[in-house]
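Here's the structure we're looking at; comments come further down.
What you see is a predicted model; the values in this text were computed from it and never measured. Counting convention: from 1, in listed order, for ligands and their atoms alike.
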Amino acid sequence: MCGIIGCVGRDDETLDVLVHGLSKLEYRGYDSAGVALSGERVDVCKKSGKIEDLREALESRTLGGAAGVGHTRWSTHGPPTDENAHPHLDCNGDVAVVHNGIIENYQELRDELVTAGHTFKSDTDTEVVPHLVEDALADGLDNEAAVRRAIARLEGSYAVAVVVSGDDTIYAARNDSPLVLGLDDDAYYLASDVPAFRDFTDRVIYLADGEFATLSAEGWRVSDVDGDEVDKDVDTVDWDPEETGKSGYDHFMLKEIHEQPRAIRQCLRGRVDELSGEVDIGDLGDLSPTGVQFVACGTSYHAALYGAQLLRDAGIPAQTFLASEYATAPPPIGDALVVGVTQSGETADTLSALREARKRGARTMAVTNTVGSTAARECDHALYIRAGPEIGVAASKTFASQLAALNLFSLGTTRIDGAREIIGALRDLPSNIQAILDDSNAESVADTYVDSDAYFFIGRGHQYPVALEGALKMKEITYKHAEGFAAGELKHGPLALVTEDTPVFAVVTGDGEMARKTIGNVKEVEARDAPVVAVTDGQSDVERYADEVLEVPETHPQAAAVLANVQLQLVSYYVADKLGRSIDKPRNLAKSVTVE
Ligand code: F6R
């Protein structure tokens with residue numbers, strides 16, 4: 001999704017800071033980029049393609065100015081061309097605007113502005129903003145008042161940043177799209193996401209919907225729609241800038257897969273008592289929901305399916321809904337809790353489902369990685385998964401941490417038989433994951449099946465969400481066809497697709513009834529000559545029917561899901577690597593999907 005960076009107070013370094021910030025936002029996914037600096041005049045340089053293309057274009061330009069904004073664009077209105085890249089200008093070239101989100105009434109505004117004589121150069125919704133500011137300036141308003149008047153006309157979601165010729169100030173506003181300020185001693189930053197300026201400061205202010213910020217070398221101010229000053233808390237970011245580097249790994253995704261032991265340790269720290277082994281999740285432990293509805297998208301949806309199962313195991317009615325389909329869900333009953341599982345805390349579909357849940361009178365909780373995110377701020381409660389920054393577009397360590405956090409939630413809010421055993425298994429997760437990472441044969445499995453036509457993943461119970469997640473990871477980073485199924489469903493249709501060119505990854509842990517039945521399904525595919533890759537802890541005899549085996553240490557079935565997923569992440573990673581795919585930024589995908 002689009003990214004914003006802004007900077008004032010760095011004098012001659014403004015342009016470098018902006019381009020550096022854009023490179024830190026690349027992970028969000030984009031197809032063009034641009035910058036605007038405001039000196040005596042506003043200067044703009046923008047290019048479709050990569051940041052490298054922008055850098056090249058900047059070589060032949062001299063852009064100067066003490067205030068600047070930059071943008072990475074992920075196309076929504078109009079194709080990725082130079083003209084459609086941000087920043088966008090008014091007719092006089094005095095007002096430059098970058099924008100994330102979607103302006104829903106843009107067509108109406110555009111028609112009005114065209115009738116009034118404005119000339120548009122792009123297909124974007126964003127371009128209405130500089131023209132609206134231009135009109136307000138022509139009516140004699142000062143710069144801040146002009147930007148405010150323009151913002152007041154917008155309907156939809158936006159994070160907007162504006163610079164105006166001859167003014168060393170950035171004007172910014174948000175509604176339903178994240179914006180965060182960064183404060184240093186004599187410089188100020190603005191971004192859609194902290195990594196954009198984390199190399200310069202760790203002091204941040206999260207803007208809320210309806211707030212307006214002005215940043216100049218003299219200082220910053222946040223106000224509400226009426227212009228009244230708002231008191232804001234200054235937060236400190238607790239992760240290191242180095243965490244957003246690759247640390248010698250070829251890809252962020254591989255680094256993040258390897259960070260899972262640490263991520264899980266961070267998630268459990270202080271929440272599992274070292275001596276008693278009991279779980280303490282603070283006030284969240286008192287929520288005692290009579291029922292839970294989970295809402296989430298993509299990988300987080302798979303984590304939510306797993307979380308709902310944990311609660312049902314503990315006797316609490318729990319359902320999972322794709323956030324984008326929540327409108328069709330039954331109303332939450334009684335003292336129900338609606339839980340949004342969202343790594344970023346900014347996914348538009350999930351935010352909208354959570355808002356709908358609040359309208360229906362439910363209490364809400366965000367299970368998120370991002371302190372200060374919209375989900376964390378808008379929900380009544382937040383359970384942080386503490387995975388640290390995840391830069392690869394494909395979620396890896398955050399899925400593991402979501403599963404760990406959901407275990408803590410079910411243990412902390414319910415009475416579960418065998419809790420001690422589960423807690424022990426959670427504590428063993430970091431070392432068990434490390435054992436897999438040290439000794440995995442996933443690369444050789446990837447080598448064997450890299451040319452396959454399609455990949456299927458099957459699992460039951462706690463391993464069903466893992467099968468879905470294994471397939472999602474495979475398709476998003478390899479661009480190959482992959483599907484995940486509840487193992488028992490295979491024979492109800494998908495079996496028709498199974499051939500000797502479609503390996504089936506079967507997640508079989510333990511030796512109970514679930515394992516026995518899944519082995520039955522494995523035999524069905526084996527009989528159709530499909531290669532079988534068993535992901536197993538060796539407790540059952542699935543290996544007898546498998547062509548390849550990916551081993552995981554023996555543990556509680558709930559924890560086994562996390563371990564099996566690590567092996568599947570590695571297989572997808574190595575298949576994608578062998579195919580030369582853009583692993584950290586798969587085509588068409590964005591890290592944080594802020595449009596519905
Ligand atoms: C897949 C992936 C996406 C996200 C989904 C929700 O690897 O990352 O499917 O899981 O877009 O994102 P969050 O968790 O930020 O709400």
Review point. How many angstroms lie between atom CG of D447 and atom OH of Y574, to the nearest 0.5 angstrom?
Key: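 The CG atom of D447 sits 11.5 Å away from the OH atom of Y574.
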Exercise for review: Look up atom NZ in K591 and atom CD in Q343, then write down how far apart they are to the nearest 0.5 Å.
Suggested key: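 Rounded to the nearest 0.5 Å, the NZ-CD separation comes out at 4.5 Å.
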Exercise for review: Below 4.0 angstrom from a heavy atom of K473, which ligand 1 atoms are there? Numbered from 1 as shown, please.
Suggested key: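 Close to K473: 1 (C), 7 (O).
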Exercise for review: Could you tell me which atoms of ligand 1, counted from 1 in the order shown, lie closer than 4.0 angstrom to a heavy atom of E476?
Suggested key: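 Going through ligand 1 atom by atom, the ones under 4.0 Å from E476 are 1 (C), 7 (O).
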Heavy atom under 4.0 Å from ligand 1: found in [X]'s side chain, backbone, both, or neither?
X    : value
T398 : neither
E346 : neither
K591 : neither

Consider only side-chain N and O atoms of [X] and [Y], and report whether a donor and an acceptor are under 3.5 Å apart.
X    : Y    : result
S396 : Q260 : no
K473 : T299 : yes
E390 : N369 : no

Exercise for review: Apply the side-chain hydrogen bond (donor to acceptor under 3.5 Å, both in side chains) test between K397 and each candidate in Q569, E259, E256; give the one that qualifies.
Suggested key: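 Filter result, single survivor: E259.
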Exercise for review: Out of C297, G340, S396, G298, indicate the one that has the non-hydrogen atom closest to atom 6 (C) of ligand 1.
Suggested key: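 It is C297 whose heavy atom sits nearest to atom 6 (C) of ligand 1.
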Exercise for review: Closest by any non-hydrogen atom to atom 14 (O) of ligand 1: pick that one out of S373, S300, G392, A394.
Suggested key: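 Checking each option, the heavy atom nearest atom 14 (O) of ligand 1 is found in S300.
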Point to revise | Polar proximity ligand 1 side, S344 side, N/O cut 3.5 Å exclusive | key: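 Yes; at least one N/O pair falls below 3.5 Å.
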Review point. Considering distance alone, does some N or O of T347 sit under 3.5 Å from an N or O of ligand 1?
Key: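 Yes: some nitrogen or oxygen of T347 is under 3.5 Å from one in ligand 1.
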Review point. Who's the nearest protein heavy-atom neighbour of atom 11 (O) of ligand 1, and how far?
Key: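 For atom 11 (O) of ligand 1, the nearest protein heavy atom comes out as V593 CG2, 4.2 Å.
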Exercise for review: For atom 3 (C) of ligand 1, grab the closest protein heavy atom and report residue, atom and distance to one decimal in Å.
Suggested key: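 So the nearest neighbour among protein heavy atoms is T299 N, 4.0 Å.
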Exercise for review: Only counting residues at least two apart or in another chain, list the ones meeting side chain to side chain donor-acceptor pair (under 3.5 Å) with H258.
Suggested key: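 Checked H258 against side chain to side chain donor-acceptor pair (under 3.5 Å); zero matches.
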Exercise for review: Show the numbers, then the answer: is there a side chain to side chain contact (heavy atoms under 4.5 Å, CB included) between C2 and W74?
Suggested key: CA-CA 5 Å; C2 305; W74 189 81; 4.3 Å; yes
Check your understanding: Is V393 in contact with ligand 1, taking contact as a heavy-atom separation below 4.0 Å?
Key ->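 Judged by the 4.0 Å heavy-atom criterion, V393 does count as contacting ligand 1.
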